[in-house]
Asker: 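Just dropping this structure here.
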There are 2 protein chains.
Amino acid sequence: MTGTSPLPSTRPAPTARPAAERLMDAAFELFDERGYEQTTVEEIAERAQVSRTTFFRHYRSKEEVIFPRHEVLLESIRQRLATSTERTALIAVSDAVRLVLLSYLEEGDRARNRYALTSRVGALRDREIASGARYQRLFREFISSWVGPASLTALQAELMAAAVVAAHNHVLRRWLRGESDDPVTEVDDALADVVRLFTAPEERVGEPGQGTTVVVLQSDRPLDEVLPALRRAVAGE
Amino acid sequence: MTGTSPLPSTRPAPTARPAAERLMDAAFELFDERGYEQTTVEEIAERAQVSRTTFFRHYRSKEEVIFPRHEVLLESIRQRLATSTERTALIAVSDAVRLVLLSYLEEGDRARNRYALTSRVGALRDREIASGARYQRLFREFISSWVGPASLTALQAELMAAAVVAAHNHVLRRWLRGESDDPVTEVDDALADVVRLFTAPEERVGEPGQGTTVVVLQSDRPLDEVLPALRRAVAGE
DNA sequence: CACCAGGTGGTACCGAGTACCGTCCATCCG
DNA sequence: CGGATGGACGGTACTCGGTACCACCTGGTG
């Protein structure tokens with residue numbers, strides 16, 4: 001229509017780097033330089049040497065360009081849960097949530113840059129939170145549908161899912177803030193805490209520990225009557 | 001400039017109902033009739049007999065028009081926590097979260113209409129979730145800063161806040177779906193469960209039961225060293 | 001060569017949200 | 001009584017995210 005002669009030089013140099021990656025890099029750069037709201041999609045596309053149209057071909061929205069692909073991660077977690085052979089629903093979910101942490105760890109500095117952004121920009125923080133809620137929902141549904149020896153109430157499932165996600169978030173944020181050098185060990189410990197929290201004390205007898213024995217004494221009878229058994233239990237038998 | 005003669009009949013009839021309420025009603029009606037995305041702010045303003053400008057004077061965004069005033073509720077909860085005289089941080093927070101539930105209950109059908117909307121529209125659901133996260137954050141900070149006999153780790157604070165919010169959400173959603181006739185009692189029970197969950201069994205001695213006393217003995221130390229405390233516990237003191 | 005398919009650029013359009021200005025009206029005050 | 005003041009409102013113009021659609025160019029295939 002306009003008759004402008006199409007310049008072949010407009011085409012980006014054969015960078016080999018796909019447009020999607022160039023766009024993500026440009027977005028992180030610009031958000032960092034000028035802030036999120038102050039950066040337009042037009043500017044991101046310009047720096048990546050593509051058109052605005054192409055931006056929206058690769059990312060559905062301006063926010064999406066900086067977030068990880070939660071969809072695929074969510075799906076892989078769903079798979080992991082479906083094929084899980086753990087003994088309890090809670091342990092299976094605790095096992096699965098590690099995948100989320102590892103996914104962030106693999107991103108390295110990119111995840112930390114994103115955290116810096118989401119901390120400052122309300123809209124981005126809300127989106128991050130909403131993503132976390134989807135994992136929690138998946139976990140809750142999994143726990144609810146779990147068929148095991150002990151049946152769980154809907155409330156218990158809700159609490160367990162929330163606890164697992166909270167433990168994960170706690171460790172993740174520590175690492176994102178640079179407060180943790182070994183997030184993998186930390187998340188293991190935190191999840192062990194969660195499992196212990198939901199494990200009835202009666203089931204803990206003989207729990208392996210550093211010379212610690214936990215004993216449950218249910219006593220209708222005088223204490224002295226059960227003392228021998230108690231001593232045996234504490235002794236480690 | 002345009003010279004259009006200003007018609008006094010343009011002015012809305014002296015409805016006495018404030019514009020903000022008319023706008024909210026109109027929004028709920030239209031969202032219900034045509035759906036959220038299919039409704040424009042222009043149409044909402046039109047039905048409320050005000051201009052589009054006035055809409056944005058009362059509500060910062062199209063989403064905000066259907067949501068409760070979380071800001072003021074959040075503030076009143078902050079006050080409640082600041083003046084709380086409960087024995088533990090967890091109980092104080094459990095007490096405070098009831099305010100949130102009551103706030104929804106007072107709305108009645110309006111809250112249920114909102115739930116129907118947020119269930120269908122992704123953007124609204126995300127916003128609702130983000131609001132809940134703010135309560136959780138407030139609770140977490142409160143628990144973390146709590147000074148009491150037993151000091152809590154950051155992880156424990158995170159887990160407690162998550163559990164309280166999860167318990168609240170569980171009961172709230174049941175009520176919103178019409179599955180609960182007595183949400184107040186339910187939330188009391190659910191929060192009692194949460195408190196029990198985080199109460200170390202050692203502290204549960206004397207908990208009311210059918211003539212049964214349950215004692216958990218966690219022993220790094222020789223049994224005889226803790227026997228006195230044990231005798232006292234079984235005795236019921 | 002013709003044909004097809006995917007990646008791209010360009011344009012037009014919609015709607016949310018912002019900035020600013022002028023007007024109307026109630027109230028208060030001299 | 002009349003003028004000043006401030007708050008609520010309507011109107012216009014603008015930015016920008018997001019969508020729809022079309023035209024093009026390229027590389028592979030029969």
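In what follows, chains are A, B, ... by sequence order, proteins preceding strands, each numbered from 1.
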Asker: Do B/R47 and B/E42 meet the salt-bridge criterion of a basic N to acidic O distance under 4.0 Å?
Answerer: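 The answer is no: the pair does not qualify as a salt bridge.
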Asker: Just how far, in rounded Å, is C1' of D/dG17 from CG of A/L124?
Answerer: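 To the nearest whole Å, that distance equals 14 Å.
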Asker: So, A/R125 side chain and A/S119 main chain: donor-acceptor pair closer than 3.5 Å or not?
Answerer: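 Flag set: sc A/R125 to bb A/S119 pair under 3.5 Å.
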Asker: Under a 4.0 Å N-O cut-off, is there an ion pair linking B/R137 with B/E141?
Answerer: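 Between B/E141 and B/R137 there is a salt bridge, with a charged N closer than 4.0 Å to a carboxylate O.
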Asker: Tell me the interatomic distance from B/I66, atom CD1, to C/dA16, atom P, rounded to whole angstroms.
Answerer: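 That distance rounds to 14 Å.
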Asker: With a 4.0 Å cut-off on N to O distance, would you call B/D182 and B/R174 a salt bridge?
Answerer: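 Result for this pair is no, no salt bridge flagged.
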Asker: Nearest whole angstrom, please: distance from the P of C/dC14 to the CD of B/E43.
Answerer: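 Those two atoms, CD and P, are 14 Å apart.
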Asker: Regarding B/K62 and the six-membered ring of B/F55, is the cationic atom NZ or CZ under 6.0 Å from the ring centre and inside 45° of its axis?
Answerer: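 Pair B/K62/B/F55 does not count as cation-pi.
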Asker: Residues of residues 23-41 of chain B with any non-hydrogen atom less than 4.0 angstrom from an atom of DNA chain C: list those, numerically ordered, please.
Answerer: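 Under 4.0 Å from DNA chain C: B/T39, B/T40, B/V41.
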Asker: Would the base of C/dG10 count as contacting A/S51 through its side chain, where contact means a donor and an acceptor less than 3.5 Å apart?
Answerer: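 Under the 3.5 Å cut-off, the side chain and the base do not form any donor-acceptor pair.
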Asker: How far apart are the C-alpha atoms of B/Y115 and B/R173, what are their side-chain angles, what is the distance that settles it, and do they pass the side-chain hydrogen bond (donor to acceptor under 3.5 Å, both in side chains) test?
Answerer: CA-CA 9 Å; B/Y115 179 68; B/R173 277 199 293 264; 5.4 Å; no
Asker: Quick one: B/R52 CZ to D/dA8 C1', roughly how many Å, whole number?
Answerer: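 Distance, rounded to whole Å: 18 Å.
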Asker: Considering only heavy atoms, which members of residues 54-65 of chain A lie under 4.0 Å from some atom of DNA chain C?
Answerer: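 The answer is A/T54, A/R57, A/H58.
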Asker: Parallel, tilted or perpendicular, judged at 30° and 60°: which one describes the rings of B/Y104 and B/H70?
Answerer: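 Answer is tilted, since the angle falls between 30° and 60°.
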Asker: Is A/R114 positioned over the aromatic face of A/F28, cation under 6.0 angstrom from the ring centre and no more than 45 degrees off axis?
Answerer: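 Output no; distance or angle outside limits.
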